[in-house]
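As structure tokens, the structure follows; a few thoughts come after it.
Counting starts at 1 for both ligands and their atoms, in listed order. All values below were derived from every heavy atom in this structure, side-chain atoms included, with hydrogens, water molecules and symmetry-related copies excluded.
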Amino acid sequence: MKPRRATKARGKDKPWAGRFTQSTDPSAERFTASLAFDQRLWSYDITGSVAWAKALGRAGLLTAAERDTIVRGLEAVQGELATGAFPFRPELEDIHMNVERRLQELVGEVGGKLHTGRSRNDQIALDERLYLKDSIARVGEGLRRVQEALVARAAETVDAPLPGYTHLQRAQPVVLAHHLLAYLFMLQRDRQRFRECAARADVLPLGAAALAGTAFPIDREALAKDLGFTAVSPNSLDAVSDRDYILEFLAAGALAGMHLSRLAADLTLWATAEFGFVEFSDAFATGSSIMPQKKNPDVAELIRGKSGRLYGNLVAVLTTMKGLPLAYNADMQEDKEPFFDSVDTLEAILGVLPPLLASLTFRTDRMRRAAGEHFSTATDLADYLVRKGLPFRQAHEVVGRVVRHALDEGKALEDLTLAELRHFSPRIDGDVKDAITVEASLRARAATGGTAPAAVRRSLALARTLIAQA
Ligand code: ARG
């Protein structure tokens, strides 16, 4: 049989059109195109292609002149992309084929040599790893700025009592700085998680080609050095078919989002009339279209709300990857939008949170008053009895009866007379009054990690050292 003649109908000029006799249906073309979102990877794609051209040169597959022509051509394409002059063509599916086609237009036939021994499968894995490393650097820096804002507010509030809660019921006094620093240490672990994710992702996938490895004598170690990777993937199937580095990023993002949502939720709660512990600056609040008196903490609420999409993105990619047979599958193109959305969401939160924190007005007077109410130092009375020799379980029982009595009488703990108190335990003396103040309660918790101002000062110093480290 005679070979078929190439026709125009053959898939609108696609780089892979050789074996096709029909053009792609426009609906299929729209459906499979990833250009709308993967174009964000252009600079990484070009960096990878420049390094690949050099590797092909070293392997003797390009002459020095051909290599230079290709590299200069890629630089011209980069210029067009940077200035917005690049002619994007969605019918060429993705950023890889768009860049390659434009290169060929600019440098001619030699541009067709660039894709020797590589595949879009190792190309996209490379682009995503490069983008991941940069994104982690930005997110890490954003987290550090939030930590700096927390340290600044903590430094002002080491001696400011605040009611501490369990079950959202008043529990024991803490200082405001202690509460703020709790978030700082959570974010420190988030920064570590991102850093560890970047370290594990620091492996070169390029050279894995489509799935079986490149067929040319590419020095992958040199290529890794060129592209700033510390290691080379030891298995080509693994290199093109796993996305665990993206999933780790999404998981770290979900955790950070959870921490940030709790901080935002605390502030939202504290800004209610019922609490009245904080006031948002007008610059970080919004009004109501119908209720003229309203000042709403929308920024904090949205920080809380955005944790939802950070979780969703993680679950979306986990679900996409589940059960996929090795190696590359088109399903994996679905990794990008959730990945990018988490990067954008984290950067948006981390951009707005530091100035928001700096602009809060803490109502330390109201916190101070609330910190002493509702028997918040009852544990300190029990601890007092322990110091007088009573086993803690008995002390707990005695103080429980004291509280019951005070509740029946409609009195606060400090309203009870010494005689009333001694009725419950003869071990109680005149020194009890000083033992159950808010200040005494705070001061007592001086062991490392406790809320005593002296201990909090030590934590603050530790926090400062941690955030000074990259
Ligand atoms: N756009 C693709 C992706 O995002 C790039 C790799 C395509 N490879 C392929 N054989 N279709 O995953």
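Salt bridge present: R120 and E93 bring a charged side-chain N and a carboxylate O closer than 4.0 Å. D159 has a carboxylate O that lies under 4.0 Å from a charged side-chain N of R457, or vice versa, which qualifies the two as a salt bridge. Ion pairing of K225 with D219 is absent here, as no side-chain N (NZ or NE/NH1/NH2) approaches a carboxylate O to less than 4.0 Å.
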Check ligand 1 for close polar pairs with the protein: N or O on both sides, less than 3.5 Å.
from, atom 1, to, atom 2, distance (Å)
ligand 1, 1 (N), S34, OG, 3.4
ligand 1, 1 (N), D94, OD2, 3.4
ligand 1, 1 (N), Q333, OE1, 2.8
ligand 1, 4 (O), K336, NZ, 2.5
ligand 1, 8 (N), N121, OD1, 2.9
ligand 1, 10 (N), N121, OD1, 3.4
ligand 1, 12 (O), Y328, OH, 2.5

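For A348, there are no side-chain contact (heavy atoms from CB on, under 4.5 Å) partners two or more places apart in sequence or in a different chain. A59 pairs by the side-chain contact (heavy atoms from CB on, under 4.5 Å) definition with L61, P217, I218, not counting sequence neighbours. Evaluation of the side-chain contact (heavy atoms from CB on, under 4.5 Å) rule for S119 yields N121, D122, A210 as partners, not counting sequence neighbours.
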